[in-house]
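These numbers were taken from a predicted model, which means no experiment stands behind them. The figures that follow rest on heavy atoms only: side chains count, while hydrogens, waters and symmetry mates do not. Residue numbering restarts at 1 for every chain, and letters A, B, ... go by the order of the sequence lines.
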There are 2 protein chains.
Amino acid sequence: MTRRVVATNAEVARQAGVSPATVSRIMNGRFTGAQEVAERVRQVAADLGYSPNHLARSLALGQTGSVAFLVPDLGNPAFQQVLAGLSKAAAADGHRVLIADSAESSEDEPLLAVDTRRRCDALVLCAPRMTEERLAAVLKEVQPVVLVNRTSPGVPVPSISIDYAKGILNIAEHLHRLGHRRFAYLAGVEGSMSNQRRLQGLATFEARHPDATVTRLVGGVTAQSGSEAADAVLEADVTAALAFNDLVAVGLVQRVRELGLRVPDDLSVTGFDDIPFAAYNTPSLTTASVPYELVGEEAWRRLYAVMNGEPPAPDVLHQPRLQVRDSTRAIR
Amino acid sequence: MTRRVVATNAEVARQAGVSPATVSRIMNGRFTGAQEVAERVRQVAADLGYSPNHLARSLALGQTGSVAFLVPDLGNPAFQQVLAGLSKAAAADGHRVLIADSAESSEDEPLLAVDTRRRCDALVLCAPRMTEERLAAVLKEVQPVVLVNRTSPGVPVPSISIDYAKGILNIAEHLHRLGHRRFAYLAGVEGSMSNQRRLQGLATFEARHPDATVTRLVGGVTAQSGSEAADAVLEADVTAALAFNDLVAVGLVQRVRELGLRVPDDLSVTGFDDIPFAAYNTPSLTTASVPYELVGEEAWRRLYAVMNGEPPAPDVLHQPRLQVRDSTRAIR
DNA sequence: CTGTTAGCGCATTCAT
DNA sequence: ATGAATGCGCTAACAG
C-alpha cells in the first residue's frame with residue numbers, strides 16, 4: 001500500500017544523494033553549486049515525475065500565486081470581458097484567477113468575498129449592489145483588494161470605475177440632437193450603483209433640457225427583461241428608449257419589431273456597454289462603449305502593485321465613448 | 001514588529017486556555033465537549049477575527065476544495081455556459097473553480113493543464129485541438145479529470161460530449177427538406193475535434209443525398225471570421241450557408257445583409273450552439289441547441305464521484321436539438 | 001472528553 | 001557550496 005502517488009522533495013533528495021534544501025534550491029533556480037549535481041537532481045526529478053507541491057510551497061512562502069475575482073453574474077458579457085482582461089494580465093505575471101459568482105445574490109457576497117479571498121493572495125471585488133456599510137466591513141478583511149465599478153467612501157482602496165452618469169448623459173444628448181424629446185429609460189436593478197449613476201446622469205439631462213421628458217420604467221439586466229418591457233415602452237408614447245445595457249436593448253428591439261414597429265424608424269433604441277454583439281445586432285446598436293477588458297487589466301496592475309508593497313496607480317474613472325450605430329435616427 | 005497580521009489557531013487556543021486540537025475540533029464541528037468551552041473558544045476566535053488558514057488546512061487535509069477548468073477561449077459564450085454550469089454545481093457541493101484560459105494556444109495547453117491542476121483537487125479539461133498523443137500524456141498526470149467535448153481513445157476517463165456530427169447532419173437535412181441543394185460550410189479551426197465531427201456529419205449527408213453539394217470554406221470561430229467569409233460564400237453560388245457556430249453565423253448574416261442580400265430570402269444561414277444571443281439576432285438564428293450549462297453540471301457530478309472514490313456515471317453524448325427559427329426558409 | 005505529538009511538503013535561516 | 005534544523009498553520013492519531 002503506497003500511500004503517496006506523487007514524488008516528494010525528500011524522495012528526490014534521497015535518491016539523488018543530496019539534501020532537501022539542495023533540491024529546493026535547484027528547483028527554484030537558486031542553486032550555485034556544481035553543474036553535475038544539478039543535472040543529476042534534475043534527472044532524478046524527471047524520472048520520478050516530481051514537481052513541487054504547490055500547496056506546501058504556498059504555505060511556506062506565504063502566498064499562493066492566485067487572486068480571487070468576485071462577480072455578480074458571470075453570464076453578463078461585460079463581466080466576462082473584465083475577467084478576460086484580468087486573467088490575461090495576471091497570467092502574464094504568473095498568477096491565476098479564482099472566480100466566485102454570487103449569482104446576483106448580494107446577500108451572500110460578503111461571506112463569499114471573504115471566503116474566496118482566503119484562498120488567494122488578493123481580491124478583485126465587483127459588487128455593485130452591496131450596501132456601503134457591508135462593503136466597508138468586507139474591505140477591511142480582504143486586503144489587498146481592488147474595487148471595480150464603484151468606489152468606497154470610507155475605506156480607501158484602489159478602484160477602477162466607469163462614469164456611467166456621463167455615459168448615459170452623452171447618449172441622451174445624442175438623441176436630443178436628433179430631435180427626440182420624449183424618452184423612456186429602462187432601469188437596471190434598483191439600488192445598484194451602476195443604475196443610480198445612470199439616474200443621476202438622466203437627472204442632469206433633464207435639468208439641462210426642460211423640453212425633454214424621461215419616463216422611468218422597470219427594466220432589468222437581461223435580454224428577457226428588455227423583451228418584457230416592450231409593452232410598457234410603447235404605452236409610454238416615446239420616440240426613444242434608453243436601455244440599462246446592451247442586453248436589455250437587444251431584447252427590447254426584438255420584441256418591439258415583433259410587435260410591428262420599426263427600429264429606428266418608429267423608435268430609436270440605445271444600449272450601454274458595447275458588448276461584442278452590439279455591433280452585430282440588427283440594427284446595430286447605438287451605445288456607450290466601455291473598455292471592460294482594460295478595466296480588468298488595470299485592476300490587475302493595481303493589485304499587483306499593492307501585493308508588492310508598492311503604491312498603486314491612481315484611481316481611474318473611465319469615460320464611456322458614444323458609439324453611434326443604426327438603432328438611432330433623427331425625428332422626421 | 002508583529003509579523004502576523006491575522007490570528008492563528010495556536011493563538012486562539014492559548015487565549016482560550018485550550019489546546020489547538022480543541023480549537024480545530026470546534027471550528028470544524030467535531031467538538032463533543034461542554035457547550036461553555038465551545039462558546040468561550042468561539043468568543044475568542046471572534047474577538048481575534050480568527051478563521052482557519054485555508055492553505056494550511058488544505059495541506060493537512062490533502063485537498064483544496066477547488067477544481068480547475070481549462071478552456072481554449074473564455075470569450076466564447078458556449079464555454080461560458082459550461083463554466084456557469086460547472087461553477088454552480090461545484091459551489092453547491094462547497095467547491096470552487098479555478099479557471100485557466102489557454103487563449104486558443106494548444107501548444108501551451110499541456111503545461112497549463114498540469115500546472116493548474118496542481119493547485120486543485122481535480123480538472124475539467126476542454127482542449128478540442130490538442131493532439132491525441134499529448135492528450136493521453138496529460139491525462140495520466142492530471143487525474144481525477146473529466147473531459148468535455150471529446151473523448152480519449154487511450155486513457156479511459158469520464159467525458160461529456162456533444163454529437164456534433166448528428167447536429168450538423170440534422171441542420172443539413174432540415175435545409176434539404178426546404179429544397180436547398182447547394183450548401184456552403186464555414187469550417188471552424190482546422191484539426192479541432194469539433195470541426196472534424198461536423199465534417200463527418202456533412203460527409204454522411206452527402207452520401208445520403210447525391211443531389212446535394214457542400215462547398216467547404218475557410219471559416220473560424222468568431223463573428224469576425226463570419227464577416228470575412230461573406231464574399232467567399234456569395235462567390236460559391238449557394239442557397240444556404242452552414243456556419244461552424246452561432247458567432248460565425250451572426251457575423252456572416254450581418255455582412256451579407258450589408259452587401260445587399262436578404263436573409264433568409266436570398267440566403268439561408270444556420271449556426272450551431274444556440275447561444276443566448278441566437279434567439280435575439282435578426283433574423284433569429286436557426287441552429288442546433290446544445291445544453292452547455294448541463295454539460296458543466298454533468299462534468300462536476302462525475303468529477304465529484306471520482307474524487308470520492310465512487311464510480312462516475314457513464315459517459316454521455318448529447319444530441320443537439322434542431323432549433324428552427326427565422327434565418328432559414330424554403331427555396332422559391 | 002481533551003491534550004500531546006507528529007506529520008502534510010516545502011523554503012529557509014544558520015551552521016559548517 | 002551544502003546540510004541540518006526549524007517553521008508555515010492546521011488536522012488526525014494516539015494517549016490518557
Side-chain angles (χ1 to χ4, degrees), chain A residues 1-42 44-45 48-66 94 115 117-121, chain B residues 1-42 44-45 48-66 94 115 117-121:
Chain A
M1 283 299 285
T2 43
R3 276 194 61 254
R4 305 206 38 64
V5 58
V6 46
T8 155
N9 178 325
E11 184 71 13
V12 175
R14 200 178 56 72
Q15 290 201 27
V18 297
S19 77
T22 297
V23 174
S24 174
R25 291 186 180 107
I26 292 175
M27 297 305 290
N28 295 299
R30 304 194 203 304
F31 184 71
T32 51
Q35 274 307 312
E36 58 175 307
V37 176
E39 206 48 55
R40 177 156 42 92
V41 170
R42 281 187 221 287
V44 173
L48 268 49
Y50 168 78
S51 71
N53 179 306
H54 190 264
L55 240 48
R57 197 162 188 283
S58 297
L59 183 59
L61 251 33
Q63 54 178 30
T64 67
S66 60
D115 187 71
R117 161 65 181 86
R118 294 183 53 72
R119 300 164 180 251
C120 308
D121 301 334
Chain B
M1 281 300 284
T2 42
R3 277 194 63 254
R4 305 205 39 62
V5 59
V6 45
T8 153
N9 178 325
E11 184 70 13
V12 174
R14 200 178 54 73
Q15 289 202 28
V18 297
S19 78
T22 298
V23 173
S24 175
R25 291 185 182 109
I26 293 175
M27 297 304 291
N28 295 299
R30 304 193 205 302
F31 185 71
T32 50
Q35 273 308 312
E36 57 175 306
V37 176
E39 205 49 53
R40 176 155 42 93
V41 170
R42 280 188 220 288
V44 174
L48 267 49
Y50 168 79
S51 71
N53 178 306
H54 190 263
L55 240 49
R57 195 161 189 283
S58 297
L59 183 60
L61 250 33
Q63 55 177 30
T64 68
S66 60
D115 186 71
R117 160 66 181 87
R118 292 181 53 72
R119 300 164 179 249
C120 308
D121 301 333

Do any N or O atoms of the protein come closer than 3.5 Å to N or O atoms of nucleotides 13-16 of chain D, and which pairs are they?
residue: D:dA13; atom: N6; partner: B:Arg25; partner atom: NH2; Å: 3.2

Categorize [X] for me: base, sugar-phosphate, or nothing, with a 4.0 angstrom heavy-atom threshold over every strand shown.
X: A:Val23; result: nothing
X: A:Gly33; result: sugar-phosphate
X: A:Asn9; result: sugar-phosphate
X: A:Ser24; result: base

Looking at every heavy atom in both [X] and [Y], which two are closest together, and how far apart are they?
X: A:Ala16; Y: A:Val41; result: CB-CG2, 4.0 Å
X: B:Cys120; Y: B:Ser66; result: CB-O, 3.0 Å
X: B:Ala13; Y: B:Pro20; result: CB-N, 3.6 Å

Test side-chain hydrogen bond (donor to acceptor under 3.5 Å, both in side chains) on B:Arg57 and B:Asn28 and set out the steps.
CA-CA 11 Å; B:Arg57 195 161 189 283; B:Asn28 295 299; 2.7 Å; yes

What nucleotide, of C:dC1, D:dC8, D:dC10, holds the atom closest to the side chain of B:Arg57?
D:dC10

Counting only side-chain heavy atoms from C-beta out, which of D:dC10, D:dA1, D:dC8 sits nearest to A:Thr32?
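The closest nucleotide is D:dA1.
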
For [X] and [Y], indicate whether the former's side chain and the latter's backbone hold a donor-acceptor pair under 3.5 Å.
X: A:His54; Y: A:Thr64; value: yes
X: A:Arg119; Y: B:Gly65; value: yes
X: A:Asn53; Y: A:Leu55; value: yes

Please check the phosphate of C:dC8 (OP1 and OP2 only) for any side-chain N or O of A:Asn53 closer than 4.0 Å.
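Checking C:dC8 against A:Asn53, no side-chain N or O comes under 4.0 Å of OP1 or OP2.
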
Under 4.0 Å: is that the gap between some side-chain N or O of B:Ser19 and OP1 or OP2 of C:dT4?
no

Which whole-number value in Å describes the distance from [X] [atom1] to [N] [atom2]?
X: B:Ile26; N: C:dT2; atom1: CD1; atom2: C1'; result: 10 Å
X: A:Gln63; N: C:dA11; atom1: CD; atom2: P; result: 12 Å
X: A:Arg14; N: D:dG3; atom1: CZ; atom2: P; result: 15 Å
X: B:Arg30; N: D:dC10; atom1: CZ; atom2: P; result: 15 Å
X: B:Gln35; N: C:dC1; atom1: CD; atom2: P; result: 12 Å
X: B:Arg40; N: C:dC1; atom1: CZ; atom2: P; result: 16 Å
X: B:Tyr50; N: D:dG9; atom1: OH; atom2: P; result: 10 Å
X: B:Leu59; N: C:dA6; atom1: CG; atom2: C1'; result: 13 Å

Closest nucleotide of DNA chain C for A:Leu61 versus for B:Ala34: which of these residues is on the 5' side?
B:Ala34

